[in-house]
Amino acid sequence: MHVGNFRDALFKFLFARHTGGTNILRIEDTDRSRYSPEAEKDAIETLKWGGIEFDEGPHIGGPYAPYRQSDRKELGIYAEYVAILLDNGTAYKAFDTTEELDEMRKIQEANKLQTGYYGGVWRDATAEQVAAAEAAGKPCVIRLKIPRDTTIVIEDAIRGRIEWDSNTVDDPVLIKADGMPTYHFAAMVDDHLMEITHIMRGEEWISSAPKHAFLFDAFGWQRPIFVHCPVIKGKDGKKLSKRHGATSVLDYRSLGFLVDALVNFVALIGWSPGGDLEVMSRRQLIEHFDLSGLQPSPGVWDFDKLKWFNGQYIRALDPEALLGTILEFVDEPDTLPFWSALADDPEASQLGVSDAAAIRESLELLKAAIESDPAYAFEAIKLEQERVVTLADFGPACAFFFQDEPPMDPKAVEKWFAQPHVGRLLDFAIRELQAGSEGTISIERCESFIRRFAEENGMDKLGPVVHPIRVALTGKTFGPGLFELMAVLGPVRMIRRLTRAKTLISG
RNA sequence: GGCCCGGUCGUCUAGUGGUUAGGAUGCCGCCCUUUCAAGGCGGAGGUCGCGGGUUCAAGUCCCGUCCGGGCUACCA
């Protein structure tokens, strides 16, 4: 499911919850050629992950069942209602062939006229002509007879009054030749039958709104309130696509984004509670959501800001909850395959990912570590909580805790192992660690012997002591505070790593 | 081409006739510090697309104009 559709679904959910209304899931599968069970499955999973709940729908039933339009078609609901329109003269049968319509469009384009079906021969055909065509077994569609020489007005909740010269809106197909209704018809009939109060959808629907509005009029039904939400664009102002990074919501899950962070971020594209409020829980989102905060202008997907939100949410989690979230993340069946696929994807750089294969490997390591020694993994995770952006970052960040021999950054070795005191330092540290008998060591004891070495060697700065030890222990020049990390590693691991480091300086 | 929607720092936005146009992100700097982050503080960044009006006063109201986007299917 595309993030744009997800945002719309989120708005509908928030609005329904805020107003105490009902959020209904309806499957609009009237186009056989377009429908895919995989897409539906993906949508269901996305909505579920996103915490977007429904009060009625195909999965839970409800007073207006069925909620799948193909099922409703089988029940004859659309045929029943289109008969009313045929009967009251606001719809008509059109027997044009595809070739005839193509020809008509070509002529319209050549003469720079507006394209579309504004009547042809069938709009005002006599009963005899229709009967003759039917007798000849010609296939037909049923079109809505948009009135001419008048103005169609809708009142949009975001944009206010929008009006069209009815001569510029063409006669839409209501029922296709295969008997299936179009979106135009099925959605409006269902909206009425299901007592929908607000049609919230993307702004790309504005141009069809007069058709929909008139359809309600043709039945003599009350029109719902139209709410056309702005679209989400890419950085270049174009429609958000794969070129801009990930567009699928579930990809963000695989990337290691927290649902709440994503929801918070997405809710703020095209909507604002007013004032400076930005970081909001789901509960606050519901509390503040209001149509008046909706924006008419399109928004841009700002990946950097999403990342900022995610960092905020990771840091706000209490460590136990974080551990659970990480476990869920690495256990999620999509996660590892996603990173494998990303390793072969040239678009990966769009996501700021440089080595997906390595990240995948580190995530597997993390998963194994949590399973084999959860207490140790927990300590490692706590130390990295302050410095990651995504859940996936925990993989590479924590890896050195779990590797027997963490890979050494050659630049770090070159920089910090060259100094003459390093050999003595490593021996000193090993001796200090061997002196303890408990198999564990406190942060304070680590700090005290590191500082002691600096003092005894007349060093006024800790850097020349801390950095070589860090490199020896983690292979890297960055990471959590050294003393904290030492206490988590413990004497046994540290002695092994320091001993290995010695081979690197003598060699 | 036609119809429609939109236009406040790069980005998300606050703003509903009177504000030094506010916040957030990103960027830069400083502080903190054993590193990287996080956090704190500060900075740069906006002639409110442009041009006319209305008004004592316009980002806010009106008109025009430019630019961007959507639709223009027996798709949704």
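Just so it is clear, the structure is predicted and the values come from calculations on it, not from any experiment. Naming: A, B, ... by sequence-line order, numbering from 1 per chain.
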Notebook entry, point to check: How far does the P atom of B:C9 sit from the matching atom of B:U60, given to the nearest Å?
Noted result: 14 Å

Notebook entry, point to check: Under 4.0 angstrom, heavy atoms only, what part of the nucleic acid is A:Leu482 near: base, sugar-phosphate, or nothing?
Noted result: base

Margin query: Give me the atom names and distance for the closest heavy-atom approach of A:Glu384 to A:Ala397.
Written below: OE2-O, 3.1 Å

Margin query: Work out how far the C1' atom of B:U13 is from that of B:G52, and round it to whole angstrom.
Written below: 29 Å

Note to self: Please classify the nucleic acid contact of A:Glu28 as base, sugar-phosphate, or nothing, using heavy-atom distances under 4.0 Å.
What the structure shows: sugar-phosphate

Notebook entry, point to check: Using purine N1 to pyrimidine N3 plus N6-O4 or O6-N4 for Watson-Crick, or N1-O2 and O6-N3 for G-U wobble, both under 3.5 Å, which nucleotide pairs with B:C48?
Noted result: none

Checklist line | Which residue lies more 5' along RNA chain B, comparing A:Trp271 with A:Lys305 via nearest heavy atoms | finding: A:Trp271

Next item on the list: Could you label the plane-to-plane angle of the A:Phe289 and A:Phe11 rings as parallel, tilted or perpendicular, counting under 30° as parallel and over 60° as perpendicular?
Entry: tilted

Margin query: Distance alone, cut at 3.5 Å: any donor-acceptor contact between the side chains of A:Thr390 and A:Asp393?
Written below: yes

Next item on the list: Hey, could you give me the CG/CD1 distance between A:Leu294 and A:Ile158, rounded to the nearest 0.5 Å?
Entry: 3.5 Å

Margin query: Classify A:Asp302 by what it touches in the nucleic acid, base, sugar-phosphate, or nothing, heavy-atom distance under 4.0 Å.
Written below: base

Notebook entry, point to check: With both distances under 3.5 angstrom, what nucleotide forms a Watson-Crick or G-U wobble pair with B:U19?
Noted result: none

Margin query: Need one value for A:Pro480: base, sugar-phosphate or nothing, where a base atom within 4.0 Å counts as base even if backbone is also close, heavy atoms only.
Written below: base

Next item on the list: Write down the distance separating the C1' atoms in B:G15 and B:C48, rounded off to the nearest Å.
Entry: 10 Å

Note to self: What I want to find out is whether A:Arg223 reaches A:Glu155 closely enough, with some N-O distance under 4.0 Å, to be called a salt bridge.
What the structure shows: no

Item checked: Qualifying residues under salt bridge (charged side-chain N to carboxylate O under 4.0 Å, His left out), relative to A:Glu163, sequence neighbours excluded -> A:Arg161

Margin query: Categorize A:Gly479 for me: base, sugar-phosphate, or nothing, with a 4.0 angstrom heavy-atom threshold over every strand shown.
Written below: base

Item checked: Shortest non-hydrogen separation from A:Ile269 to A:Trp301 and the atoms involved -> CD1-CE3, 3.8 Å

Next item on the list: Using a strict cut-off of less than 4.0 Å between a Lys/Arg side-chain nitrogen and an Asp/Glu carboxylate oxygen, indicate whether A:Glu484 and A:Lys382 qualify as a salt bridge.
Entry: no

Margin query: Rounding to an integer number of angstrom, what distance separates B:C66 and B:A76 when you compare their P atoms?
Written below: 36 Å

Check: Is it true that A:Glu278 and A:Lys305 have a side-chain N and a carboxylate O under 4.0 angstrom from each other?
Finding: yes

Margin query: Under 4.0 Å, counting only non-hydrogen atoms across every strand here, what does A:Thr115 touch: a base, just sugar-phosphate, or nothing?
Written below: base

Notebook entry, point to check: Who is the Watson-Crick or G-U wobble partner of B:G68, with both distances under 3.5 Å?
Noted result: B:C5

Next item on the list: Give me the ring orientation class for A:Phe226 and A:His228: parallel if the planes are under 30° apart, tilted from 30 to 60°, perpendicular past 60°.
Entry: parallel

Notebook entry, point to check: What is the nucleic acid contact for A:Trp205, judged by heavy atoms within less than 4.0 Å: base, sugar-phosphate only, or nothing?
Noted result: base

Item checked: Results of salt bridge (charged side-chain N to carboxylate O under 4.0 Å, His left out) for A:Lys12 - residues two or more places apart only -> none

Check: NA contact type, A:Gln295, heavy-atom cut-off 4.0 Å: base, sugar-phosphate, or nothing?
Finding: sugar-phosphate

Note to self: Does the structure show a Watson-Crick or G-U wobble partner for B:A24, both distances under 3.5 Å? Name it, or say none.
What the structure shows: B:U11

Margin query: What contact category does A:Lys238 fall into here, base, sugar-phosphate, or nothing, at under 4.0 angstrom with non-hydrogen atoms?
Written below: sugar-phosphate

Checklist line | Distance, P atom - from B:G51 to B:U8, rounded to whole angstrom | finding: 16 Å

Check: Looking across every strand, which nucleic acid part, if any, lies under 4.0 Å from A:Ile450 by heavy atom: base, sugar-phosphate, or nothing?
Finding: nothing

Note to self: Categorize A:Ser33 for me: base, sugar-phosphate, or nothing, with a 4.0 angstrom heavy-atom threshold over every strand shown.
What the structure shows: nothing

Next item on the list: Give A:Lys112 one of three labels, base, sugar-phosphate or nothing, depending on what nucleic acid heavy atoms sit under 4.0 Å from its own.
Entry: sugar-phosphate

Next item on the list: Return the residues of residues 391-401 of chain A meeting this criterion: a heavy atom under 4.0 Å from some atom of RNA chain B. Order them by number, or give none.
Entry: none

Margin query: Suppose you measure atom P in B:U25 against the same atom in B:G43; what distance do you get, rounded to whole Å?
Written below: 15 Å

Next item on the list: Scan residues 414-421 of chain A against RNA chain B and write down, sorted by residue number, each residue with any heavy atom closer than 4.0 Å; if none is found, say none.
Entry: none

Next item on the list: Would you mind classifying the nucleic acid contact of A:Gln69 as base, sugar-phosphate or nothing, using non-hydrogen atoms under 4.0 angstrom?
Entry: nothing

Note to self: I'd like the P distance from B:U11 over to B:G64, given in whole Å.
What the structure shows: 27 Å

Notebook entry, point to check: Starting at the 5' end of RNA chain B, which residue's closest nucleotide do you reach first, A:Val388 or A:Pro296?
Noted result: A:Pro296

Next item on the list: Could you tell me whether A:Arg451 and A:Glu447 have a side-chain N and a carboxylate O separated by less than 4.0 Å?
Entry: yes

Item checked: Outermost RNA chain B nucleotides near chain A [under 4.0 Å, heavy atoms] -> B:G1 to B:A76

Note to self: Treating A:His18 as the side-chain partner and A:Glu287 as the backbone partner, does any N or O pair qualify as donor plus acceptor under 3.5 Å?
What the structure shows: yes

Notebook entry, point to check: Base, sugar-phosphate, or nothing for A:Asp96, non-hydrogen atoms under 4.0 angstrom?
Noted result: base

Check: How would you list all residue pairs meeting side chain to side chain donor-acceptor pair (under 3.5 Å) that involve residues 169-190 of chain A, not counting sequence neighbours?
Finding: A:Arg32-A:Asp178, A:Gln69-A:Asp190, A:Arg72-A:Asp190, A:Tyr78-A:Asp190, A:Tyr92-A:Asp171, A:Arg123-A:Asp171, A:Arg148-A:Asp171, A:Asp170-A:Lys211, A:Tyr183-A:Arg201, A:His184-A:His212

